[in-house]
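Small disclaimer: the values here were computed from a predicted structure and weren't measured. Excluded from the calculations below are hydrogen atoms, water molecules and symmetry mates; all remaining heavy atoms, backbone and side chain alike, are included.
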Amino acid sequence: MKIPATQAIMECLLEQDVDTVFGYPGGTILNLYDELYRYQDRIHHVLTAHEQGAAHAADGYARSTGKVGVCFATSGPGATNLTTGIATAYLDSSPVVFITCNVGENLLGKDAFQEVDITGIAMPITKATFLVRDAQTIPDVMRQAFAVAASGRPGPVLIDFLKNVTAPSIEIEYEFIPWQQNRTCASIQDLNRSHQLKNPEPDRQDVETLLEMIAQAERPLLLCGGGVVRGRANRQFREFAEKLDAPVAITVMGGGGFPGGHPLTTGMIGMHGSRASNQACAECDLLIAVGCRFSDRVALDPATFAKQAKIVQIDIDRAEIDKNVLTDHHIIGSARRVLEMLNANLPQYDHTAWKEHILPLRAPSVAEDTPVLTPQQVLEVLRTQAPEDAIVATDVGQHQMWAIKYLHFNYPGQLLTSGGFGTMGFGLGAAIGAQIGNPDKRVLHITGDGCFRMNCHELSTVEHYGLPIITVVFNNGTLGMVRQWQSLIYGKRYSATTLDRGPDFVKLAEAYGLRGFRVTCRAEMEEALAQALSCGTGAVIDCMLDMDEMVRPMVAAGSPITDFLLD
Amino acid sequence: MKKEFNTVRKLYTLCILVEDVPGVLSQVSRLFSRKGYNIESIVSGATDKPGITRISIEIMCEELMIEQIAAQCRKLLPVKAVKILDEETCIRREIALIKVRAEDRAARNEIIQLVNIFRAKVIDVGKESLTIWVFGSQSKNTALIETLEDFGILEIAKTGTIAIERGQSTIYDESKLREEYEFGKNVR
């Protein structure tokens, strides 16, 4: 059947069960938006205030739902505004298909109005980029793009259509094939053969070897990484941890992969890791890292990292093996499949002595009763008053570390945070995406005053689409994490970190048609949150905090993991 | 046991089979530049399979680094096969075209004699210059160039190094093209 090229693009989105796209229109992508107008009953378009917000929203949608996110933008500045969002998705392995349009073939490479080589720019921050010059290839490219984004280690993909390819006069041969079947199309199969779009099947011998290593270990430690979350392997991981009866340290990206309140968990590991996690890492004799790439925030000093231990890495991406930390053994495969195979042959262990040594190191997490508001009080109020399954999107900095330390995440997609790229301004976009993908859940956006300022214009999106997102601003009048480094390492020279300026976040919220609250003590926080939870619209709670509050504990970058700079 | 990596820098040749699509060369070369490594030479040419190009990259680095670059390279969509070759396991060759000053008969004769010793060829004769074609290992070509320097070299055009494994094994042995290539198998 011959149909217009733009219609084929929409049909290809429907093939993949896409019902929501985030984006921002412009000159070269007009043809696509014109077609979207005809498809508005089936494809819901969310217009953000800025392309970056759209990119983060698509990312947050993908992370919270487990589906592939889709984001549209126009050529030139529209496309470059996406790049921070693309890189954020890439570093955290989030499956998003970015669709941009470029100038027409006749103008390509002539520095035309709003022209930029976005496939070139996006090359280092995507799994693949496609420049579509021939309309006939649209179905193949779309199917490949979604297959690549979602399979193996997920990640972003960018498709750039030339404007002439989307011209209304162009018709192509097209047949609707649902995604479950189109993975067997000839064009995808070709890709399949060369690139293994299936998840690799773990090697049985490798699994046996690990089981033997486990049998010999006396002090095993489990590391729950982002792979457990992306692979939705939380059930298998929990079963594994309970059978192994070992402490579990959770990386920032692993939040939600293992219940935060579980008796075996030792909390975060790494730079701001708990004493229990970091000490366990230094003392264990077997470290099993699942879906974790030992980033420099976890393995601060690769040479001394878990130096008494045999290190085992379970990862879907072979390129991660031996990249940051040299390992003693590894298994290639999806976290879920590998853990299933391990669980099938794993007896119940008892490591009571080791647990009794490590678990008491966990700090009690009860907020002190002080007249001035503390970050821990804010989070305790959130933990007790907000629904337990509320999705939490954070920005980057002190508030992020506090949120991850003091809140409990129980399922994959409950914590949305930019762990790899550390993108300030990620939170609100991600919260929007998560709320749209999960209309039944409560979404909390935890941010700092610095981060919030970066993308607070997305409050207009929150208001327009009637999203009941609650933004909690940790307002300490400074770029807290940078100030913390300046305090500890730079002789208290606070260069360009003091935010002694507007806006008034309460008035800002009201200007966008949302509720605004300012809180200075615990009681006010409780009252404001209760109102925000019941008011039905989006709200901003501006929490006034002390600027010298620090994230504890802390290990300096590059130091051995137990050399605490701060207790 | 942790894998032992050779920490001595040496010359590796990375041979890569890729689909011939736009941008593939920059995708591959980017992997080196992002790690701050300078490519010694890079050659791209057709293979016996239509639509498949072979890229040979020569680089001075440590074993761990070349292994990591190769692993990243295998993840690229257009890449079909990657093989790391080092001095002991492969044959390397390059071609150089050398334009050398030859103003009088004596110089000309002497150059031609040298060219014969090196099994090179004179491929163009000008009034005051000779152009020489030499094919061989890098050390041989360098030796010829050094001896010709006495006459005055006007211009040199060199290909990069191409390399192929000794013996029966081929790049396809570890290729993503082959069905039996198992992604899940161990690297070692």
Side-chain angles (χ1 to χ4, degrees), chain A residues 117 119-120 122-131 133 144-145 147-148 152-153 155 157 160 190-207 209 213 307 309-312 316-334 337-338 341, chain B residues 1-7 16-35 49-53 62-82 171-172 174-188:
Chain A
D117 173 19
T119 48
M123 199 182 277
I125 48 173
T126 48
K127 280 183 84 178
T129 58
F130 300 90
L131 178 67
R133 310 176 73 145
Q144 284 189 6
V148 171
R153 178 182 182 174
V157 171
D160 196 25
D190 243 19
L191 196 66
N192 223 341
R193 202 165 309 130
S194 70
H195 215 76
Q196 287 287 343
L197 288 180
K198 317 190 280 295
N199 286 341
E201 179 65 13
D203 189 281
R204 206 155 275 284
Q205 188 54 49
D206 288 349
V207 173
T209 310
M213 291 170 85
K307 64 172 184 288
K310 287 201 169 5
I311 300 177
V312 180
I316 197 164
D317 181 359
R318 182 159 49 168
E320 289 300 340
I321 309 299
D322 289 340
K323 186 174 92 176
N324 294 330
V325 166
L326 292 183
T327 56
D328 295 86
H329 182 55
H330 62 262
I331 306 176
I332 311 284
S334 74
R337 187 77 194 100
V338 174
M341 288 169 76
Chain B
M1 279 298 289
K2 289 188 173 59
K3 191 175 172 187
E4 299 266 326
F5 287 97
N6 190 345
T7 53
I16 307 158
L17 293 186
V18 296
E19 266 173 64
D20 188 14
V21 292
V24 61
L25 201 58
S26 57
Q27 279 192 57
V28 169
S29 58
R30 180 184 77 69
L31 297 174
F32 294 84
S33 58
R34 75 173 286 215
K35 293 203 181 267
K49 295 190 167 45
I52 301 289
T53 298
E62 311 85 63
E63 189 185 7
L64 183 59
M65 196 50 65
I66 194 75
E67 292 275 2
Q68 291 197 347
I69 291 174
Q72 295 291 345
C73 203
R74 285 189 187 98
K75 283 166 64 174
L76 299 173
L77 226 43
V79 169
K80 299 292 181 190
V82 178
I171 191 166
Y172 301 111
E174 228 186 282
S175 160
K176 288 203 277 184
L177 280 173
R178 298 234 320 224
E179 297 254 5
E180 62 263 37
Y181 178 66
E182 275 185 55
F183 209 89
K185 269 276 167 61
N186 267 356
V187 196
R188 284 154 221 180

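- Taking NZ of A:K127 as the reference point, atom NZ of B:K75 lies at 8.0 Å (rounded to 0.5 Å).
- Annotation: side chain of B:Q72 is in contact with side chain of A:K323 (closest heavy-atom distance under 4.5 Å).
- Counting non-hydrogen atoms of neighbouring residues, nucleotides and ligands closer than 6.0 angstrom, the NZ atom of A:K307 reaches no more than 12 such neighbours.
- When side chains are defined from C-beta on, A:P124 counts as touching B:R30, because their heavy atoms get closer than 4.5 Å.
- Heavy-atom distances place the side chain of B:L64, and not its backbone, under 4.5 Å from chain A.
- Atom CG of A:D322 sits about 8.0 Å away from atom CD of B:Q68, to the nearest 0.5 Å.
- The closest donor-acceptor contact from the side chain of B:Q27 to the backbone of A:A128 lies at 3.5 Å or more, if one exists at all.
- Here the closest heavy-atom approach between residue B:K2 and residue A:D328 is recorded as NZ-OD1, 2.9 Å.
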